[in-house]
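Since the structure comes first, as structure tokens, the remarks are kept for the end.
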Amino acid sequence: MSSSAPAPAPTKASDFIRDIIDADIQAGRHDKILTRFPPEPNGFLHIGHAKSICLNFGLALEYKQKQGEENARCHLRFDDTDPVKEDTLFEEGIQEDVRWLGFNWDGFYHASDYFEKMYEYGEHLITAGKAYVCSQSDAESKATRGTVKEPGKNSIYRDRTVEENLDLFRRMRKGEFKDGEHVLRAKIDMANPNMKMRDPMLYRIRHTPHHMTGDKWCIYPMYDYAHPISDAIEGITHSICTLEFENNRELYDWVIDNLIDYANFPSRPRQYEFARLNLNYTVMSKRRLLELVEGKHVSGWDDPRLPTIAGMRRRGITPEAIRAFCASVGVAKANSTVDMAQLEFCIRDDLNQKAPRVLAVLKPLKVVIENFPDDQVDEYDASLWPHDVPKEGTRKLPFCKEIYIEQDDFMLEPPKDFYRLAPGREVRLRHSYCVTCTDVVKDESGNVTELRCTYDPETLGKNPEGRKVKGTIHWVSARHAVDAEVRLYERLLKDEAPPTGKDSEFLNAINPDALQVLKGCKLERSLSEAKPMDRFQFERQGYFVADQDSKPGSLVFNRIVTLKDSWAKQQQKK
RNA sequence: UCCGAGGUCGUCUAAUGGCAGGACACGACACUUUGAAUGUCGGUACGGUGGUUCGACCCCAUCCCUCGGAACCA
């Protein structure tokens, strides 16, 4: 997978995080700005992560521009503190996704790079009387934690001596104890109204090999301990995370404050929280995505219906569109749900400038042009771009007596404002002549199977005289058409928001039409050469991409997004 | 309600003591060999109540509502 064009430093309106950074620079608190994107390598990235990626890497790009190349950085750091769930396989996918989005990291790290330091700091906290080894069972520590309204109770192991704690902690590391036998806890306050501060666990025993450190360790640090230390060691200045970590910030600061003199960190990082991205008509949580994939409701992590980066990539959405979308939704602290229409706008807006226009008939209806010579083939130099896209280029578009048009472009008994084909009506064939429908062929059950038309030879490249032809429809020469499979994608869910109930209720909201596979579609000849990831606009229908399954002779296209369709909208209202 | 964070057009987001602005969505019109794109115009918002102030979305008080927090997950 080739990476996409690097993201330009965007000119982004300010937000509360940029305001904070500007104020920090103004006040001389930092001369370098360092951010980081810290995914846990236990799953696939989705568009919510893209927001965080654009923020963190985008910040580095912007401040490189403002402060100088050397004075801003963004690190990619895998937060690999739980060996039970994490894997190298996920790391590769995540790196690919970040690069595809157009970003390059200025440093590549793992939280596990710092395990030795973290352990050392653990001993320091013990020595300073700030941490102790607790030997309560899982159930006991749950029972003594209290509730959000009631204080917890001190562990009976809370007053172990420094010597005893040190000895126990060292033996934990050596592997003398079984999983769950002991943990290292911070000694803070079991009555703290913030549950995160009630002597939180710092280390747990896990006799599980780690994908980076192998079997070197059998004790692993918890997120709340590992994250601030990793940030501080790397010199991160602004540690940006999502709102659910607000309660963790107090502990983040506690860890830094109790280590900073001893550890001599290059920075005093600060954590800031922003609202994660929510999108309607889809699901974003790891759990729900997993359920869709494992339950075979979709074809895999890269199913084009999913909001995963891999899915959107296969869908044909460009990284530029995703970046523009992330910039457009902004960064704030209020929980919000962005309208899918906003994403779709960004996709169309980008592709409008990038996707050459071609003709493709998805649901073919044969048309015979009776007054056109049997063997004649016209060939037009048809522009690949509309007048308002400043690009040049044409392709040869063949035309002959028999063509296909879209079934939806013909109506037996049309309303007055139907600008397309109907018995006795005239329509413009895109890039070609105007034709008038003279006859309709039906099968026994009354279905329209073929149209008979006549063309006006005076209408090529000019308007007919004395009458106005309002509609223009697309078509494909029957003799020259190439067949293709076309996969029409729509929004994953039929409801704006999935049912609030937990469990699998959201599965009922799946849009059964989110994937519709069309075979026997008729594409113009020039598309026979299309390569996977080539994007086109099928005029009047939408933007499409050649799928990775596509091969010459058996073409497969995915619909990225439809065009806006004010006709369909108008019909829907009736 | 024990702690924390929030509440501005339908949606997302600005303005932070001085005319509530932009984008998407929506509607109308223009243009059109894509019912696309583009252009023009339009409607729609500061959770409630008090207070401070010449002036409050902004500051204060109070109420209401929403979200997050009790994994040996992150």
Side-chain angles (χ1 to χ4, degrees), chain A residues 13-15 38-40 42 79 81-82 84-86 134 136-138 141-142 145-152 179-185 192-198 201-206 219-220 222-224 226-227 241-250 273 275 277 280 286 325 327-346 348-349 352-353 357 359 382-383 386-389 417-420 427-434 459-463 469-474 537-542 562-570:
Chain A
S14 197
D15 52 60
E40 184 184 15
N42 73 341
D79 213 342
T81 56
D82 186 356
V84 175
K85 298 190 298 186
E86 295 151 6
C134 181
Q136 285 179 326
S137 69
D138 188 5
S141 62
K142 270 198 179 71
R145 192 153 34 219
T147 69
V148 289
K149 291 181 184 175
E150 305 152 31
D179 286 11
E181 232 173 299
H182 307 284
V183 295
L184 184 73
R185 298 177 75 174
N192 197 301
N194 181 354
M195 303 269 315
K196 288 270 158 19
M197 298 298 276
R198 320 245 263 228
M201 282 163 208
L202 268 24
Y203 268 94
R204 76 287 219 193
I205 300 171
R206 277 243 204 291
I219 58 172
Y220 293 95
M222 304 290 291
Y223 166 85
D224 284 309
H227 207 88
C241 62
T242 45
L243 252 27
E244 70 269 26
F245 292 97
E246 277 170 334
N247 294 298
N248 301 57
R249 188 177 60 235
E250 196 177 354
E273 310 88 18
L277 175 67
N280 59 15
K286 207 171 263 184
F325 171 72
S328 80
V329 302
V331 179
K333 296 199 69 155
N335 281 309
S336 61
T337 302
V338 177
D339 194 333
M340 184 63 84
Q342 180 114 4
L343 208 212
E344 292 167 348
F345 167 82
C346 293
R348 292 189 189 106
D349 192 47
N352 182 38
Q353 300 295 320
R357 272 53 169 184
L359 303 185
S383 173
H387 14 62
D388 53 352
V389 171
D417 58 355
F418 184 76
Y419 305 148
R420 309 176 187 181
V427 77
R428 161 74 63 186
L429 295 178
R430 177 73 164 150
H431 299 298
S432 180
Y433 301 100
C434 291
T459 55
L460 188 62
K462 55 187 181 215
N463 286 324
V469 174
K470 177 86 174 163
T472 298
I473 64 172
H474 59 276
Q537 185 195 102
F538 292 178
E539 289 205 41
R540 303 207 309 132
Q541 308 200 82
T562 61
L563 254 28
K564 272 176 65 176
D565 188 345
S566 54
W567 166 249
K569 194 182 293 174
Q570 192 184 318

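These numbers come from a predicted model, not from an experiment. Letters A, B, ... mirror the listed sequences (proteins, then strands); counts begin at 1.
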When the C1' atoms of rG21(B) and rC59(B) are compared, how many Å lie between them, rounded to an integer? 23 Å
Using a heavy-atom cut-off of under 4.0 Å over every strand shown, decide if Thr81(A) touches base, sugar-phosphate, or nothing. sugar-phosphate
For Arg430(A), answer base if it contacts any base atom (sugar-phosphate contacts may also be present), sugar-phosphate if it contacts only those atoms, and nothing otherwise; contact means non-hydrogen atoms under 4.0 Å. base
What nucleic acid atoms does Lys470(A) come within less than 4.0 Å of, heavy atoms only: base, sugar-phosphate, or nothing? base
Report yes if the side chains of Gln353(A) and Val389(A) come closer than 4.5 Å at any heavy-atom pair, otherwise no. yes
Side chains of Asn42(A) and Lys286(A), heavy atoms from C-beta outward: is any pair under 4.5 Å? yes
Counting the atoms with a prime plus P, OP1 and OP2 as sugar-phosphate, which does Thr337(A) contact under 4.0 Å by heavy atoms, base, sugar-phosphate, or nothing? sugar-phosphate
Rounded C1' spacing from rU49(B) to rU11(B) in Å: 28 Å
Taking for each residue the nucleotide of RNA chain B bearing the nearest heavy atom, is the 5' side occupied by Gln353(A) or by Glu40(A)? Gln353(A)
Covered region of RNA chain B, 5' end to 3' end, by chain A [heavy atoms, under 4.0 Å]: rC2(B) to rA74(B)
Considering only atom C1', compute the distance from rA74(B) to rU34(B) and round it to an integer number of Å. 48 Å
Taking any heavy-atom pair under 4.0 Å as a contact, classify Gly461(A): base, sugar-phosphate, or nothing. base
Tell me which of Glu244(A) and Pro38(A) sits closer to the 5' end of RNA chain B, going by the nucleotide each one is nearest to. Glu244(A)
So does Lys149(A) get a backbone contact from the side chain of Thr147(A), meaning a donor-acceptor N/O pair under 3.5 Å? yes
What I'd like to find out is whether the side chain of Cys241(A) reaches to under 4.5 Å of the side chain of His227(A), using heavy atoms alone. no
For atom P, what is the distance between rC2(B) and rU44(B), given to the nearest Å? 42 Å
If we only count heavy atoms from C-beta on, is the Glu250(A) to Asn192(A) side-chain gap below 4.5 Å? yes
Contact class for Asn335(A) vs. all strands (heavy atom < 4.0 Å): base, sugar-phosphate, or nothing? sugar-phosphate
Mind checking the P distance from rU8(B) to rC58(B)? Whole angstroms is fine. 14 Å
List the steps, then state whether salt bridge (Lys or Arg N to Asp or Glu O under 4.0 Å) holds for Lys569(A) with Asp565(A). CA-CA 6 Å; Lys569(A) 194 182 293 174; Asp565(A) 188 345; over 6 Å; no
Min side-chain heavy-atom separation Ser328(A)-Cys346(A) under 4.5 Å: yes
Give Phe245(A) one of three labels, base, sugar-phosphate or nothing, depending on what nucleic acid heavy atoms sit under 4.0 Å from its own. base
Glu273(A) vs Asn247(A) side-chain heavy atoms within contact, under 4.5 Å: no
What interatomic distance, in whole Å, is found between P of rA36(B) and the corresponding atom of rA25(B)? 12 Å
Minimum side-chain heavy-atom gap Glu344(A)-Asp339(A) below 4.5 Å: no
Euclidean distance for C1', rA61(B) against rA71(B) (whole angstrom): 40 Å
Within the structure shown, what part of the strands sits under 4.0 Å from Thr147(A) by heavy-atom distance: base, sugar-phosphate, or nothing? base
Classify the nucleic acid contact of Asn247(A) as base, sugar-phosphate or nothing, counting any heavy atom under 4.0 Å across all strands shown. base
C1' atoms of rC54(B) and rG69(B), separation to the nearest Å: 45 Å
Can you list the stems that RNA chain B is part of, where a stem is at least 3 pairs in a row, each Watson-Crick or G-U, with both distances below 3.5 Å? B:2-7 with B:64-69, B:10-13 with B:21-24, B:26-30 with B:38-42, B:47-51 with B:59-63
Using side-chain hydrogen bond (donor to acceptor under 3.5 Å, both in side chains) as the criterion, list what pairs up with His474(A), not counting sequence neighbours. Glu406(A), Arg540(A), Gln541(A)
For a quick check of understanding: with a heavy-atom distance under 4.0 Å over all strands, which category does Asn463(A) fall into, base, sugar-phosphate or nothing? nothing
Touch check for Asn248(A), heavy atoms < 4.0 angstrom, all strands: base, sugar-phosphate only, or nothing? base
